[in-house]
A.B. asks: 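Okay, handing you the structure first.
Predicted model, so just to flag it, every value in this text is computed and none were measured. Sequence lines set the chain letters: A, B, ... in the order given, protein chains first and strands last, and positions in each chain run from 1. Side chains are part of it too, since the values below use all heavy atoms of this structure and drop only hydrogens, waters and symmetry mates.
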Amino acid sequence: MCRVVRHRSRYRKSRYRTQARGVLKVAESYSFASIEPKWQQYWAQNKLFEVPNDSPADKYYLLVMFPYPSGKAHMGHVRNYIIADVMARHRTMNGYAVVQPMGWDAFGLPAENAAIQNQIHPSEWTEQCVEEMKQQFDALGISYDWTREVNASEPDYYKWTQWLFLQMYHNGLAYTGEATVNWCPSCATVLANEELDGTTCERCGSEVEPRQVPGQWFFKITDFADDLLDDLATLDDWPASVLAQQTNWIGRSEGVRFSLDIEDSDHQMEVFTTRIDTIYGVTFMVLAPEHPLVAELTEGTEYEEPVREFVRKAMREDEISRTAADTEKHGIFTGVHAIHPLTGQRIPIWVANYVMMGYGTGAIMAVPAHDGRDFEFARKYGLPVVPVIQPEGESFHGDTMAEAYEGEGLQINSDRFDGLHCTDAAGQLADHMEEQSIGSRAVNYRLLDWLISRQRYWGAPIPMVHCDSCGTVPVPFEDLPVLLPTDAEFKPTGESPLARNEDFVNTVCPSCGGPAKRETDTMTTYVCSSWYYLRYINPHEDDQPFVKSDVDHWLPVDHYIGGVEHAVRHLLYARFVTKVLHKLGYVDFTEPFARLFTQGMICARTADGRLEKMSKSKGNAVPADKIIAQYGADTARTYVLFVGPPEQEVEWSDEGVAGIFRFLSRVWRVVAGNLQHHDAAWRDHLGGDLVDEQRAIRRKTHQTIRKVGDDIERMHFNTAVSACMELTNDLVAYAGKMSGDNPTDCAVFSEAIEHLTILISPFAPHLADELWERMGYQPSLLQTTWPEADEELAAEEQVTIVVQVNGKVRDRLTVPAGSDMEQVAEMAKQTEQVQKHLEGKSVRKIITVPDTLVNIVVS
RNA sequence: GCCGGAGUGGCGGAAUAGGCAGACGCGUUGGACUCAAAAUCCAGCGGGGAUCACACCCCGUGUCGGUUCGAAUCCGACCUCCGGCACCA
């Protein structure tokens, strides 16, 4: 960049030195309200944030999870955008081509609900909110490349969401069917399992109901369960908690799946177990109440009526919550027996509420001796308990066991497997059952396929057509997008609002040309957000969703920043979609996000004094524009960085914000108020010998350069800001004492204020650019190279050596850095303090750490 | 129950690789400036003891133990809180 060399006469004005205080007082005050818009305009006009795809520098793709446009942001929202912006600005100043795009997750329930509430069409509502939020982002000085802006609710975007759907469909990864799904009565739509908090809707908190809904579309995410699980191991830069949550969610378990014949019946029942070693201890079988065999097996028998009654009751209970572990276990005998595949014994089949249809096969082999739940059930209904595993030295008896034994041990009551350790027995039993074609090793997942259909208006229409003669037919690629009609009634009724729009529904079959009807459900917004990070690379491409070579250059995202609430939902779906696109050859990478950072929420006190996540509905939100108006964007930015470690939840503090404002004002005063001492040619005046105080300021300056850069890299923004505070404090003191007539004083001071200005620029970019310009330099600092610390200058000349006796600090010595530690140890032994503690004892050992410590070990 | 994370002054937090615990900020106390206030600047503030005052001594990073010359940091057990999963077979 070009440096404007300031004219020397400026520096002569420093004869005011003796009135430094007076000069400070009359100095122009820190008027953020005029500075901030000025620089925002300057950055936009000079297109400083735009980074083209073919930028020659090393690429850095920095991404914040794109938000649903909600209009006015509060300080809780602001945090992650600022964190990302600091990283982006710092990387840019380090010479990277940093892409930091922003866009809008504009489809979906929140936007639709808000629109309904405000009696306005969702598209209009969305447009308004986008405008508002964009303004706020700009008012915060965030360096987004708006040329890459995407909006998921616009046809040129959702055309490609539909393309993605068709890719899934044509490759056997999208299927439709009737299924029991989660229905949220308040949102009036079905939801994916990932969108539940237990049994309630994560969005509105309503209890969801199981409901049979025909024609629901699913993506076969289970085909990728192993890849999704295994590749977690490659994500070194993801938080442990997110990896753990995804692992939990996928819920892989290995075991054996096998079938049992049923007495006097053509039916078989299939079960899955992770404890095949306990198979000789099976004393009853249990079916889930929803299991189809229940009705079939009891039909026409004396058990039919009571069993049906039981099932009815159990299903009702389900709505309340059968899944809680402490729910009382109930069951009823079906009157039917299964045949044990190894012993040929008759085993009674029961129906019970503690077996879930949604997991495994919906049926279990019950081994009460070795499973707590089966044990509880057996004791309640007087069913036999047969132990088959016993640790050495124990002697179990089925009638007297007080609880199930779930640990390891040796096989008993297990025919020819007796005496084996249970893990060996498990292997041999699995082999045996596979050889005899009774069953086979199997893997079971908790993860289920992804339900993407929604009975709502505001989403991307599913590009499928139903034809009486051809069946379900995909819309051809060239006919995309299937446009969302703008004139549709959009109030939710439980059926897709699109179904009542004749113009939309009635179409021709792409296959036979006859009359046909469109699919009227829309896709969940999680489909839109599962691929948006690709579109940012080629947001204006008309013929394809993205250009492979560009995407392969920029992806994976180097640093992805967002809320931990997406640990499973969005992040799992995005990984899945990436893997699909990889498999189909559209991208070369298999994971979309190399490094993930999940920031903590900002919390605030509610009216009744509780600490809660900041939100409008809880009444504890601090609007971002209020803080910007009161203190300015730079204070808002610096505060959310200083408030605490970014991954942690923090409490909002009005006093804290005021403190940051004081700090920035102090920076303003010490720099802008002393510009008469600024000398752009400071490098020319630092050649000679410096006095201690001058060297101390240079040392502090270079130590700060080192610390701020390191701390930003490791995302310790709070300590980076505090380092700037320390330097500022030193400079305030120095400015009061320095001589404006002394060129060396001025040079030292100039070096310091220039660097302070550069170092705070990622945090407070407006203030920094204003000061930079006032020093006579060409803005913007974003185009300036991040400084490198001079390690020699940063090194301490004198170090404090801690002198310990037996590990307790007894004295301190100040010696030149790099002193010979043996000599220092000798000195240490002689000091009065140490002598006191050595009296009457003999020195056994002396431990020294260079420039740090002497520890004298005495007995 | 299983998995993940965290416990440090009045408060938010700092201590990057096992080496001075408490940086920086908030709050608070005292002082300077002022007719006064605000703003600003300077100084003190973990607990206990000792002292006219210093010097100095003891305790102290959730609890108990261990490793080590030395532990907020490593190991073991436990307690509490936060998050995820959960009658998951």
Side-chain angles (χ1 to χ4, degrees), chain A residues 21 24-25 29 197-198 239-251 253 255 271-275 278 286 288 322-329 352-356 358-367 371-374 376-377 406 444-446 564-565 567-568 600 639 642-645 647-660 662-663 665-666 669 707 710-711 713-714 716 718-726 728-729 732-733 736 800-812 832-833 836 844-849 852-858:
Chain A
R21 288 279 163 73
L24 275 179
K25 273 193 178 164
S29 67
D197 283 336
S241 71
V242 174
L243 297 175
Q245 284 183 55
Q246 294 218 354
T247 306
N248 280 344
W249 189 261
I250 295 168
S253 61
V271 297
F272 172 77
T273 180
T274 53
R275 291 297 304 272
T278 65
V286 187
R322 208 173 89 205
T323 46
D326 50 8
T327 305
E328 171 82 17
K329 293 176 180 49
N353 63 342
Y354 76 95
V355 174
M356 306 293 140
Y359 186 80
T361 62
I364 62 157
M365 62 175 218
V367 185
D371 181 287
R373 295 153 300 171
D374 297 342
E376 188 188 332
F377 192 81
E406 296 183 345
N444 201 59
Y445 300 94
R446 216 192 68 88
V564 74
E565 66 274 17
V568 172
Y639 172 70
F642 185 67
V643 66
E647 68 282 358
Q648 260 173 50
E649 260 186 18
V650 290
E651 183 179 349
W652 174 262
S653 149
D654 288 327
E655 293 78 21
V657 183
I660 292 298
R662 272 199 291 275
F663 162 59
S665 304
R666 212 164 141 85
R669 276 195 307 275
K707 175 143 183 75
D710 287 355
D711 280 355
E713 268 308 296
R714 58 188 193 127
H716 288 210
N718 51 341
T719 52
V721 173
S722 88
C724 292
M725 288 173 169
E726 286 186 44
T728 306
N729 291 345
V732 167
T800 304
I801 304 289
V802 172
V803 183
Q804 298 178 333
V805 177
N806 279 350
K808 293 199 176 197
V809 182
R810 296 305 179 187
D811 207 352
R812 295 182 168 86
E832 203 183 317
Q833 271 307 314
K836 221 164 81 186
R844 256 179 40 211
K845 196 156 117 187
I846 294 181
I847 286 154
T848 62
V849 180
T852 308
L853 158 143
V854 173
N855 187 11
I856 304 164
V857 186
V858 296

A.B. asks: If you measure from the P atom in B:A77 to the same atom in B:C3, how many Å do you get, rounded?
C.D. replies: 12 Å
A.B. asks: Roughly how many Å apart are B:G25 and B:G9, using the C1' atom of each and rounding to a whole number?
C.D. replies: 14 Å
A.B. asks: If we take the C1' atom in both B:G27 and B:U16, what is their distance in whole Å?
C.D. replies: 29 Å
A.B. asks: Taking the six-membered ring of A:F377, is NZ or CZ of A:K329 closer than 6.0 Å to its centre and within 45° of its axis?
C.D. replies: no
A.B. asks: Would you mind classifying the nucleic acid contact of A:Q648 as base, sugar-phosphate or nothing, using non-hydrogen atoms under 4.0 angstrom?
C.D. replies: sugar-phosphate
A.B. asks: NA contact type, A:G644, heavy-atom cut-off 4.0 Å: base, sugar-phosphate, or nothing?
C.D. replies: nothing
A.B. asks: On a plain distance test, is the side chain of A:K329 in donor-acceptor contact with the base of B:C87 below 3.5 Å?
C.D. replies: yes
A.B. asks: Determine the interatomic distance between C1' on B:C57 and the same-named atom on B:U67; round to the nearest Å.
C.D. replies: 28 Å
A.B. asks: Does either side chain, that of A:N248 or that of A:R446, offer a donor lying less than 3.5 Å from an acceptor on the other one?
C.D. replies: no
A.B. asks: With a non-hydrogen cut-off below 4.0 angstrom, is A:N729 in contact with a base, only sugar-phosphate, or nothing?
C.D. replies: sugar-phosphate
A.B. asks: Check if the side chain of A:R812 and the base of B:C20 share a donor-acceptor pair of N or O atoms closer than 3.5 Å.
C.D. replies: yes
A.B. asks: If we take the P atom in both B:C64 and B:C54, what is their distance in whole Å?
C.D. replies: 32 Å
A.B. asks: Suppose you measure atom C1' in B:G46 against the same atom in B:A72; what distance do you get, rounded to whole Å?
C.D. replies: 15 Å
A.B. asks: State whether the distance check finds a donor on one side and an acceptor on the other, under 3.5 Å, for side chain A:N248 versus base B:C85.
C.D. replies: no
A.B. asks: If only side-chain N and O atoms of A:R810 are considered, is one of them under 4.0 Å from the OP1 or OP2 phosphate oxygen of B:C58?
C.D. replies: yes
A.B. asks: For the C1' atoms, the ones on B:A32 and on B:A21, what distance do you get once it is rounded to whole angstrom?
C.D. replies: 33 Å
A.B. asks: What contact category does A:P239 fall into here, base, sugar-phosphate, or nothing, at under 4.0 angstrom with non-hydrogen atoms?
C.D. replies: nothing
A.B. asks: Between the side-chain atoms of A:N718 and the base atoms of B:G13, is any donor-acceptor pair under 3.5 Å?
C.D. replies: no
A.B. asks: How far does the P atom of B:C11 sit from the matching atom of B:U63, given to the nearest Å?
C.D. replies: 15 Å
A.B. asks: Just call it for A:T274: base, sugar-phosphate, or nothing, with non-hydrogen atoms closer than 4.0 Å on any strand.
C.D. replies: sugar-phosphate
